[in-house]
Amino acid sequence: MESFSSAVSHSLIRALDESAPFIDDPAATCHWREFLAPARTLAASGKRTRALLIAAGHEAFGGDGRPVYAGTAAELYQLSALVHDDIIDESHTRRGAPASHRAFSATHADLGMIGQAEDFGAKAAILLGDFLLSLAALEIDRAEAADAAALSRARTLFHEMTAETAYGQYLDLRAETTPLRDDLGTALDEALLVLRHKSARYSVELPLMIGGALAGASPADIDALSAVGRPLGIAFQLRDDELGIFGSPNQTGKPAGGDLREGKHTALLALVREMASDADRALVDGALGRDLTDADVEAVRDIVRSSGAFAAHEQMIRDYEEQALAAADALPEAPLLRAAMSSLEERRS
């Protein structure tokens with residue numbers, strides 16, 4: 001597993017190094033390095049989880065070798081999504097470094113450019129995210145596959161994944177800008193809808209399916225991978241949502257309580273609003289979308305725990321993990337899949 005992650009990391013840098021065959025002017029080369037600098041910073045870290053899941057799906061159905069190009073495509077797409085997500089969320093940091101739009105803003109200031117640094121940063125980062133998405137599409141065309149039909153199926157799944165995630169981002173943006181409702185009963189369903197389309201499918205389910213498709217798995221076999229990946233992806237993202245409130249900056253690369261500051265309407269928030277007292281619910285509602293102090297974040301954390309919402313959320317995660325484990329028992333022996341599942345489960349706050 002470690003050797004595959006390392007191979008994908010080297011391939012990721014290779015893809016960035018080789019990404020500009022159209023540059024044939026020494027002056028343009030300098031600007032190109034400037035454009036790619038935030039992407040190189042992002043690419044230098046990360047757990048390569050999506051690449052590993054592609055390899056796991058590939059191995060489960062007898063794929064030969066390791067799908068390094070496909071893993072590289074998944075990681076490039078992840079970089080693209082992170083760049084765009086940080087613009088939408090107005091995040092200052094990512095993986096412990098300045099978010100790409102903030103890095104471009106700093107470049108604007110350093111070079112004494114005219115206009116607003118923030119505007120330049122956001123516009124440049126949009127272009128970088130678009131470029132990384134295009135580069136991911138080129139890499140998936142090179143993916144290791146059993147035959148042409150297998151590559152075609154995997155490519156289709158990959159492009160469906162990128163399209164669905166854009167829709168999921170819209171659902172997330174829409175949720176954040178919709179007033180909190182008194183109808184608490186539907187909030188959890190709506191939060192899970194956003195979670196599934198924005199992150200759960202592209203984080204776990206679809207990478208597994210893409211790996212299986214590359215190995216030449218049948219439609220029924222790919223459905224079997226979906227049966228593992230969907231509940232596992234939901235559990236994975238629910239765990240991430242806990243980190244959005246309880247995680248430290250070292251864990252998340254963002255300030256403490258990042259999801260509160262960004263006003264995220266997560267499943268955990270829905271449970272808190274349903275289970276907390278009226279006074280505590282009002283305090284939590286007032287914290288959303290604000291620049292919070294450490295004391296503010298800790299006050300919300302106390303309500304999440306004391307209301308019983310955290311325990312209920314943990315039970316949801318366990319239920320989804322058990323669904324995934326039961327579905328995995330129906331698959332062929334797949335050590336990489338078991339290792340990937342264990343790795344995801346270890347993301348406990």
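Note on Arg94 versus Asp85: salt bridge recorded, some NZ/NE/NH1/NH2 to OD/OE distance being below 4.0 Å. Between Arg318 and Glu321, no side-chain nitrogen of the basic residue sits less than 4.0 Å from a carboxylate oxygen of the acidic one, so the salt-bridge criterion is not met. A salt bridge is defined here as a Lys NZ or Arg NE, NH1 or NH2 lying under 4.0 Å from an Asp or Glu carboxylate O, and Glu164 with Arg196 fails to meet this definition.
A donor-acceptor pair under 3.5 Å links the side-chain atoms of Glu144 to the main chain of Val68, judged by distance alone. Looking only at distances, a side-chain donor or acceptor of His101 sits under 3.5 Å from a matching main-chain atom of Ser91. Under a 3.5 Å cut-off, the side chain of Thr107 and the backbone N or O of Ala103 do form a donor-acceptor pair. Counting only distance, with no hydrogens or angles, the side chain of Ser277 and the backbone of Asp280 share a donor-acceptor pair below 3.5 Å. Proximity of a side-chain donor or acceptor of Glu75 to a complementary backbone N or O of Ala51 within less than 3.5 Å is detected. Between the side chain of Ser152 and the backbone N or O of Ala148, no donor-acceptor pair lies under 3.5 Å.
Asp86 is not listed as a side-chain neighbour of Ser100, based on a closest heavy-atom distance of 4.5 Å or more. At least one side-chain heavy atom of Leu36 sits under 4.5 Å from a side-chain heavy atom of Phe131. Here the side chains of Thr49 and Leu52 are not in contact, with every heavy-atom distance at 4.5 Å or above. The side-chain heavy atoms of Arg281 and Ser307, taken from C-beta on, include no pair separated by under 4.5 Å. Here the side chains of Leu271 and Met316 are in contact, with some heavy-atom distance below 4.5 Å. Between Phe120 and Ser105 the shortest side-chain heavy-atom distance does not fall below 4.5 Å. In this structure, the side chains of Leu288 and Leu269 come closer than 4.5 Å at one or more pairs of heavy atoms. Proximity of Tyr77 to Ile140: side-chain heavy atoms (C-beta onward) are nowhere separated by under 4.5 Å.
Residues Tyr167, Leu171, Leu193 make up the rest of the hydrophobic cluster containing Val194, defined by ILVMFWY side-chain heavy atoms closer than 4.5 Å, directly or through other members. Through direct or indirect side-chain contacts shorter than 4.5 Å among Ile, Leu, Val, Met, Phe, Trp and Tyr, Ile114 is connected to no other residue.
Here the straight-line distance linking atom CZ of Arg155 with atom CG of Asp141 works out to 5.0 Å at 0.5 Å rounding. Rounding to the nearest 0.5 angstrom, the gap separating the CZ atom in Phe246 from the CD atom in Glu298 is 8.0 Å. Of the inter-residue distances, the one linking Tyr320 atom OH with Leu238 atom CG reads 7.0 Å to the nearest 0.5 angstrom. We find the CG-CG distance between Leu128 and Leu133 to be 11.5 Å, quoted to the nearest 0.5 Å. Separating the NE2 atom in His92 from the CZ atom in Arg261 is a distance of 10.5 Å, to the nearest 0.5 Å. We find the CZ-CG distance between Arg95 and Leu82 to be 5.5 Å, quoted to the nearest 0.5 Å.
No donor-acceptor contact under 3.5 angstrom links the side chains of His265 and Glu190, judged on distance only. At a cut-off of 3.5 Å, with distance as the only test, a side-chain donor of Ser218 or Asp221 sits close to an acceptor on the other residue. For the residue pair Ser226 / Glu205, a side-chain donor-acceptor distance below 3.5 Å is found, with atom types taken as modelled. Side-chain contact, Thr293 with Asp296: a donor N or O sits under 3.5 Å from an acceptor N or O. Looking only at atom types and distance, the side chain of Ser11 has a donor-acceptor partner in the side chain of Arg14 under 3.5 Å away.
Cluster membership check: Leu214 shares its hydrophobic cluster with Ile222, using side-chain heavy-atom separations under 4.5 Å among Ile, Leu, Val, Met, Phe, Trp and Tyr. Both Met161 and Leu151 are part of a single hydrophobic cluster, where members link through side-chain heavy atoms under 4.5 Å apart. Hydrophobic clustering places Leu268 together with Leu292 (ILVMFWY residues linked when any side-chain heavy atoms are closer than 4.5 Å, directly or through intermediates). The hydrophobic clustering, which links ILVMFWY residues whose side-chain heavy atoms are closer than 4.5 Å, places Phe158 and Leu138 apart. Under the 4.5 Å side-chain contact rule for hydrophobic residues, Leu16 and Tyr69 do not share a cluster.
Atom CD of Glu34 is surrounded by more than 12 heavy atoms from other residues, nucleotides or ligands within 6.0 Å. Other residues, nucleotides and ligands place no more than 12 heavy atoms under 6.0 Å from the CZ atom of Arg174. Shown here is Glu90, whose CD atom has no more than 12 heavy atoms of other residues, nucleotides or ligands within 6.0 Å. Environment of CG in Asp64: sparse, with no more than 12 heavy atoms of neighbouring residues, nucleotides or ligands closer than 6.0 Å. In Asp25, the CG atom is crowded: over 12 heavy atoms of neighbouring residues, nucleotides or ligands sit closer than 6.0 Å. Atom CG of Asp294 has 12 or fewer neighbouring heavy atoms from other residues, nucleotides or ligands inside a 6.0 Å radius.
Pairing each heavy atom of Leu79 with each of Ala43, the nearest pair is CD1-CB, 3.9 Å. For the residue pair Ala227 and Ala327, the shortest heavy atom distance occurs at O-CB, 3.5 Å. Across every non-hydrogen atom of Leu132 and Ser80, the tightest pair is CB-CB, 3.8 Å. Here the closest heavy-atom approach between residue Val300 and residue Ala287 is recorded as CG2-CB, 3.9 Å. Contact detail for Ile13 and Arg40: the closest heavy-atom pair is CG2-NH1, 4.3 Å. Minimum heavy-atom separation, Gly121 to Phe104: CA-CB, 3.6 Å.
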Side chain to side chain contact (heavy atoms under 4.5 Å, CB included) evaluation trace for Ile303 with Val272
CA-CA 8 Å; Ile303 293 170; Val272 174; 4.1 Å; yes

Steps toward side chain to side chain contact (heavy atoms under 4.5 Å, CB included) verdict (Ile317, Ile234):
CA-CA 8 Å; Ile317 293 172; Ile234 294 172; over 6 Å; no

Determine, step by step, whether Ile245 and Phe310 satisfy the side chain to side chain contact (heavy atoms under 4.5 Å, CB included) criterion, reporting the C-alpha distance in whole Å, the side-chain angles of both residues, the deciding distance to 0.1 Å, and the verdict.
CA-CA 11 Å; Ile245 293 179; Phe310 184 81; over 6 Å; no

Worked check of side chain to side chain contact (heavy atoms under 4.5 Å, CB included) between Met209 and Leu206
CA-CA 5 Å; Met209 295 167 69; Leu206 280 159; 4.1 Å; yes

Intermediate values then yes/no, salt bridge (charged side-chain N to carboxylate O under 4.0 Å, His left out), Arg239 and Glu314:
CA-CA 8 Å; Arg239 181 72 63 204; Glu314 279 287 305; 2.5 Å; yes

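Listed by chain and residue number, Gln237 satisfy the side-chain hydrogen bond (donor to acceptor under 3.5 Å, both in side chains) test with Ser199 (two or more places apart in sequence, or in another chain).
Cation-pi geometry between Arg50 and Tyr202 is met: the NZ or CZ atom falls under 6.0 Å from the ring centre, inside 45° of the normal.
The one candidate from Asp89, Asp240, Asp259 that meets the salt bridge (charged side-chain N to carboxylate O under 4.0 Å, His left out) condition with Lys264 is Asp89.
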